[in-house]
Amino acid sequence: MTKLFYILVECAGAIRKDHIKVIPIVCKQHDIDETNNKLRKWGIFRKDILVILHVATSKNFSLRRWPTEYFTDLADRLIGNFGVRIIFTGLSNEAFLAEKAISYMKIKKMAINACGELNFYQ
């Protein structure tokens, strides 16, 4: 997505740079501990491979939001092909989107609705 936006601004006349600066995200120990506690509560272990799917978009981009069925299909394929655990994220008022996606999944027990449960650093 970032690369696409980068190409768009370049087409609009922005000067091309050879690299995009990566901004580090620093997590506090409290957030790491809180995340580990939540993962344990959800039955997710260190050996599990996690894929996070963010099911919603802001109001400004709602027309670009994937249909729920796409998330369901992607989650089922990732689980079937790689045995991953899926964590759906979003705001608490978007939890219904994750619930809908999970309700259509073939193996529901491999997914967690974490909408409203995690902050950015977690």
Side-chain angles (χ1 to χ4, degrees):
M1 184 62 74
T2 301
K3 192 172 184 178
L4 175 64
F5 288 141
Y6 190 71
I7 292 168
L8 288 173
V9 297
E10 185 179 30
C11 290
I15 298 171
R16 182 176 177 89
K17 294 185 178 182
D18 290 333
H19 67 283
I20 298 172
K21 185 178 178 182
V22 175
I23 300 170
I25 298 173
V26 179
C27 297
K28 295 179 181 173
Q29 189 61 47
H30 169 75
D31 287 315
I32 294 169
D33 294 341
E34 189 68 25
T35 302
N36 286 330
N37 289 336
K38 288 177 183 182
L39 292 173
R40 275 193 298 277
K41 179 183 87 173
W42 295 329
I44 296 174
F45 305 100
R46 191 170 289 279
K47 66 174 178 53
D48 291 327
I49 301 168
L50 303 179
V51 174
I52 297 172
L53 299 178
H54 191 76
V55 294
T57 57
S58 71
K59 291 179 185 176
N60 296 335
F61 296 104
S62 62
L63 294 176
R64 291 176 32 189
R65 180 184 300 159
W66 255 20
T68 306
E69 296 79 18
Y70 289 16
F71 284 104
T72 300
D73 185 49
L74 177 59
D76 282 337
R77 287 176 185 228
L78 289 168
I79 293 166
N81 292 332
F82 304 103
V84 304
R85 298 288 307 268
I86 304 292
I87 298 179
F88 288 100
T89 63
L91 300 174
S92 55
N93 65 347
E94 298 164 335
F96 73 97
L97 294 168
E99 285 302 323
K100 185 176 177 185
I102 292 169
S103 74
Y104 295 147
M105 288 176 61
K106 294 175 186 168
I107 307 175
K108 297 169 182 45
K109 69 178 184 177
M110 296 297 282
I112 302 294
N113 180 353
C115 291
E117 297 283 331
L118 303 168
N119 67 39
F120 177 78
Y121 295 100
Q122 293 169 346

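Quantities reported herein were computed from a predicted structural model and do not represent experimental measurements.
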Under a 3.5 Å distance rule, please check whether K108 uses its side chain to pair with a backbone N or O of M105 as donor and acceptor. yes
side-chain contact (heavy atoms from CB on, under 4.5 Å) for H30 and D33? Distances and angles first, verdict last. CA-CA 5 Å; H30 169 75; D33 294 341; 5.8 Å; no
Output all residues satisfying salt bridge (charged side-chain N to carboxylate O under 4.0 Å, His left out) with R77, sequence neighbours left out; order by chain, then residue number. D73
Just how far is it from atom CD1 of I49 to atom CD1 of I86, taken to the nearest 0.5 Å? 10.5 Å
Look up atom CG in N36 and atom CD in Q29, then write down how far apart they are to the nearest 0.5 Å. 8.5 Å
Gap between atom OG1 of T72 and atom OH of Y104 - 0.5 Å precision: 7.5 Å
For D48 and G43 the tightest heavy-atom approach is OD2-O, 4.0 Å
Identify the two heavy atoms, one from R85 and one from K109, that lie closest to each other, and give their separation to 0.1 Å. NH2-O, 3.6 Å
Group every Ile, Leu, Val, Met, Phe, Trp and Tyr by side-chain heavy-atom contacts under 4.5 Å, then state whether L74 and V55 land in the same group. yes
Quick check for you: to the nearest 0.5 Å, what is the distance between E117 atom CD and T35 atom OG1? 11.5 Å
Is it the case that over 12 heavy atoms from other parts of the model lie below 6.0 angstrom from the NZ atom of K106? no
For the student: nearest non-hydrogen atoms of H54 and G90, plus distance: CE1-CA, 3.4 Å
Indicate the atoms forming the closest heavy-atom contact of T89 with C115, along with that distance. C-SG, 3.6 Å
Chi angles and distances behind the side-chain contact (heavy atoms from CB on, under 4.5 Å) call for L39, I87: CA-CA 10 Å; L39 292 173; I87 298 179; 3.9 Å; yes
When clusters are formed by joining ILVMFWY residues with side-chain heavy atoms under 4.5 Å apart, either directly or through shared neighbours, do L78 and W66 land in the same one? yes
Side chain T68, main chain A101, donor-acceptor under 3.5 Å: no
Heavy-atom closest pair (I102 atom, I112 atom, distance to 0.1 Å) is CD1-C, 4.0 Å
In terms of heavy-atom contacts, does NZ of K41 have more than 12 from other residues, nucleotides or ligands at under 6.0 Å? yes
Might you work through the side-chain contact (heavy atoms from CB on, under 4.5 Å) test for F120 and I25, ending with a clear yes or no? CA-CA 10 Å; F120 177 78; I25 298 173; 3.8 Å; yes
Rounded distance [0.5 Å steps], CG in N37 versus CD1 in I32: 12.0 Å
Smallest separation among heavy atoms of L50 and I44, with atom names: CD2-CG2, 3.4 Å
Hydrophobic side-chain clustering at under 4.5 Å (ILVMFWY, transitive links): who's grouped with F45? Put none if nobody. none
Check step by step if side-chain contact (heavy atoms from CB on, under 4.5 Å) holds for F71 and L97. CA-CA 10 Å; F71 284 104; L97 294 168; over 6 Å; no
Among the clusters formed by ILVMFWY side chains lying less than 4.5 Å apart, do L53 and L91 turn up in the same one? no
